[in-house]
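Following: one structure in structure tokens, then a few remarks.
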Amino acid sequence: MRPICVVLLAFSMALSAQEKVDLTVLNRIKAEAFQNSQVMDHLFYLADVYGPRLTNSPGHKAAGDFVVKRLKEYGLENVKEEKWGPFGQSWRLTHFSGHMTEPQYQSLIGVPLAWTPGTNGVVVGEPVMVSLKKEADFDKYKGKLKGKIVLTMEPKQIAMVTEPLAHRLTDEEIAARQTVADPSRISMFGPARPGTPPPPTAEEREAAAAFQKKVNQFLKDESVLVVLQYGYNGDGGTVFATSGGSYDKNDPVPPPMVALTPEHYNRIARLVAHGIPVKLEFDIRAEFLTDSVDSFNVVSEIPGGAKKDELVMLGAHLDSWHGATGATDNGTGSAVAIEAVRILEALHLPMARTVRIALWSGEEQGLLGSKAYVQEHFAKRETMELGPEYNKLSAYYNDDMGTGRFRGISVGGNDMVRPIFEEWLEPLHDLGATVVVGTTAPPTKQPGGTDHTSYTWIGLPGFSFMQDPMEYQTRTHHSNMDFYDRVQPGDLMQAAAIEAWFVYNTAVRQDMMPRMPMPSPVKKVVSTAAIR
């Protein structure tokens, strides 16, 4: 028997020998990406014209129609808005104003939370602090909150910002991401950073969601005027805010809810604590949209040649939250994917496999669009009953981390592809893309984070590019500052070139990409609505 190290070395050498990259093609891709770029024009329409794009909202539907039109203009085939569902009701905000009128006037910076109602005109009320951490707390406030504006969070301790909000990865940080120092701390989200608590379990997330529904019903029954919180992240006028109610019409509809910048929230809380009379005024106009409970993914193809029944996919999520225009989450990923297929089509590169782009909806509510798609086309996760295309997909590539250059790619534990990707990355080192990460990672037990995990969840090769963090977690992700101006054009041009290069190599490669073992059937599919 040959030693295992010799076998692995031979396997690695065989893969490397197969990955003879065509630098002439790479030169053409880079020239098209850098000299004729249209990526920022894609982003302009997705963000400035059609943003925000909450799933099934008018902005989302208009953005989908725009993508369909543009992909047809580029010559792609089988362009469509492929229905999935049911999703549920959509929602849109059409007006917001908030003010403190006593003891002094102040305009309030805030974002109404999705799937919460408007105020039905201007409302004026006094703020009160409440603490609802368990069901027994309801009795303390029963009959005392009618007509009040309720503050539900303790004041936030705000630290001075002493580090830049934007950050590009250093060589040392990139190298560190390739190393798993402690395999015992690996979770479905990857290696944990030292000192970080473990993420909540599925049971803990579901328990928290169930309790929040009871809180919403209680506040509604008490006829609260408005519920105030601060954003789950950020300060200085940047408000990170998502939903307060639910896209499921059967869930309780809470009172109007607003996330304020914590400086404004804290001022109100301090005045209340000192017994100084405060008056707040709000005018919120929002509507629930029930015209269609189904949603759609935008899908189209560049047909392949000799192996046209085999697939290479790339994509991003088209939907966004509503506080801004969804430029970096995920207008950037959608624009890069559109640009990558534009480049491939413009160059008329012969590719054996069919290239399929998919822009997802419902990602922000738990990867709903991509989960529905992979179970329709590839496999039902509960039974692992295979669909018609399960054995036809070579790989799926995802982009969902905002602006920021691609610095490498994560393989999610699929260590068999590492030598392949290293060969493809080698001629991209001058562009800053150098590493393969995630070689040691656990199987995907449930989808989470972003849409490539809907693929790895059913055992298909799904990959996500590693990017410079920039301002994603500090300024733009789910915030009221997620605008076109935060995007770096050169980053998107670089990303489009690299994504096109990876898709091309996958489409012309002699064999399909190596796969992890097929997962076993499961008894229950766990909700992912609270993972992101």
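Position 1 is the first residue of the sequence, and the numbers go up from there. All values below were derived from every heavy atom in this structure, side-chain atoms included, with hydrogens, water molecules and symmetry-related copies excluded.
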Could you tell me which non-hydrogen atom of [X] sits nearest to which non-hydrogen atom of [Y], and how far apart they are?
{"X": "Phe296", "Y": "Gly64", "answer": "CE1-CA, 4.0 Å"}
{"X": "Pro427", "Y": "Leu23", "answer": "CB-CD2, 3.8 Å"}
{"X": "Ala324", "Y": "Pro52", "answer": "O-CB, 3.2 Å"}
{"X": "Tyr397", "Y": "Thr506", "answer": "OH-OG1, 2.6 Å"}
{"X": "Met516", "Y": "Asn414", "answer": "SD-CA, 3.5 Å"}
{"X": "Asp319", "Y": "Gln365", "answer": "OD2-OE1, 4.0 Å"}

Assess the side chains of [X] and [Y]: does a donor N or O sit below 3.5 Å from an acceptor N or O?
{"X": "Trp84", "Y": "Ser361", "value": "yes"}
{"X": "Asp400", "Y": "Thr450", "value": "yes"}
{"X": "Glu82", "Y": "Asn297", "value": "no"}
{"X": "Ser295", "Y": "Asn56", "value": "yes"}
{"X": "Glu173", "Y": "His167", "value": "yes"}

Between the main-chain N or O of [Y] and the side-chain N or O of [X], is there a donor-acceptor pair closer than 3.5 Å?
{"X": "Trp115", "Y": "Gly244", "answer": "no"}
{"X": "Arg53", "Y": "Leu46", "answer": "yes"}
{"X": "Lys72", "Y": "Val67", "answer": "no"}
{"X": "Ser410", "Y": "Gly438", "answer": "no"}
{"X": "Thr328", "Y": "Gly402", "answer": "no"}
{"X": "Ser334", "Y": "His317", "answer": "yes"}
{"X": "Arg381", "Y": "Trp457", "answer": "yes"}
{"X": "Glu310", "Y": "Leu393", "answer": "no"}
{"X": "Thr354", "Y": "Lys308", "answer": "yes"}
{"X": "Thr55", "Y": "Gly362", "answer": "yes"}

Less than 4.5 Å apart, any side-chain heavy atom of [X] and any of [Y]?
{"X": "Asp294", "Y": "Phe87", "answer": "no"}
{"X": "Pro489", "Y": "Met40", "answer": "yes"}
{"X": "Pro443", "Y": "Thr456", "answer": "no"}
{"X": "Tyr74", "Y": "Ser300", "answer": "no"}
{"X": "His477", "Y": "Asp482", "answer": "no"}
{"X": "Val374", "Y": "Ser454", "answer": "yes"}
{"X": "Arg168", "Y": "Asp491", "answer": "yes"}
{"X": "Asp48", "Y": "Leu43", "answer": "no"}

| request: Begin with the C-alpha distance, continue with both residues' side-chain angles, and end with the deciding distance and a verdict on side chain to side chain contact (heavy atoms under 4.5 Å, CB included) for Val21 and Leu26. | output: CA-CA 8 Å; Val21 298; Leu26 178 58; over 6 Å; no
Nearest 0.5 angstrom please: [X] [atom1] to [Y] [atom2], how far?
{"X": "Arg407", "Y": "Ile174", "atom1": "CZ", "atom2": "CD1", "answer": "3.5 Å"}
{"X": "Ser479", "Y": "Tyr472", "atom1": "OG", "atom2": "OH", "answer": "10.5 Å"}
{"X": "Tyr504", "Y": "Met351", "atom1": "OH", "atom2": "CE", "answer": "8.5 Å"}
{"X": "Trp424", "Y": "Ile409", "atom1": "CH2", "atom2": "CD1", "answer": "8.5 Å"}
{"X": "Arg356", "Y": "Glu301", "atom1": "CZ", "atom2": "CD", "answer": "4.5 Å"}
{"X": "Asn398", "Y": "Met313", "atom1": "CG", "atom2": "CE", "answer": "10.0 Å"}

| Does the side chain to side chain donor-acceptor pair (under 3.5 Å) test come out yes or no for Asp329 and His478, once each step is laid out? | CA-CA 7 Å; Asp329 187 26; His478 298 177; 3.1 Å; yes
| said: Evaluate Leu431 against Arg405 for side chain to side chain contact (heavy atoms under 4.5 Å, CB included), listing each step before the verdict. | reply: CA-CA 9 Å; Leu431 295 177; Arg405 290 177 297 177; over 6 Å; no
Side-chain polar contacts of residues 336-349 - donor-acceptor pairs under 3.5 angstrom, sequence neighbours left out - could you list them?
from   : atom 1 : to     : atom 2 : distance (Å)
Glu339 : OE1    : His42  : NE2    : 2.9
Glu339 : OE1    : Arg342 : NE     : 2.9
Glu339 : OE2    : Gln38  : N      : 3.2
Glu339 : OE2    : Arg342 : NE     : 3.4
Glu339 : OE2    : Arg342 : NH2    : 2.9
Arg342 : NH1    : Glu32  : OE2    : 2.8
Arg342 : NH2    : Glu32  : OE2    : 3.2
Arg342 : NH2    : Asn36  : O      : 3.3
His348 : ND1    : Glu345 : O      : 3.3

| Does the pair Val25 and Asn505 meet the rule for a side chain to side chain contact (heavy atoms under 4.5 Å, CB included), with working shown? | CA-CA 10 Å; Val25 170; Asn505 282 309; over 6 Å; no
| request: Could you tell me whether Phe421 atom CZ has more than 12 heavy atoms of other residues or ligands within 6.0 Å of it? | output: yes
| task | Mind telling me whether Phe465 and Phe406 have parallel, tilted or perpendicular rings, with 30° and 60° as the class edges? | result | parallel
| said: Tell me which one of Tyr373, Phe378, Phe463 satisfies ring-ring contact (aromatic ring centres under 6.0 Å, His included) with Tyr455. | reply: Phe378
Taking [X] first and then [Y], would you say they form a salt bridge - that is, a charged N and a carboxylate O separated by under 4.0 Å?
{"X": "Glu382", "Y": "Lys380", "answer": "no"}
{"X": "Lys61", "Y": "Asp65", "answer": "yes"}
{"X": "Asp41", "Y": "Arg70", "answer": "yes"}
{"X": "Arg418", "Y": "Glu423", "answer": "no"}

| said: My understanding is that only residues two or more places apart in sequence, or in another chain, count here; which of them pass side-chain contact (heavy atoms from CB on, under 4.5 Å) with Ala379? | reply: Met384, Leu386, Tyr390, Ile458
| With Asp251 via side-chain contact (heavy atoms from CB on, under 4.5 Å) - residues at least two apart | Lys213, Ser246, Asp248
| request: In sequence, state the C-alpha distance, the side-chain angles, and the governing distance for Leu318 and Tyr50, and then conclude on side chain to side chain contact (heavy atoms under 4.5 Å, CB included). | output: CA-CA 11 Å; Leu318 186 63; Tyr50 301 118; over 6 Å; no
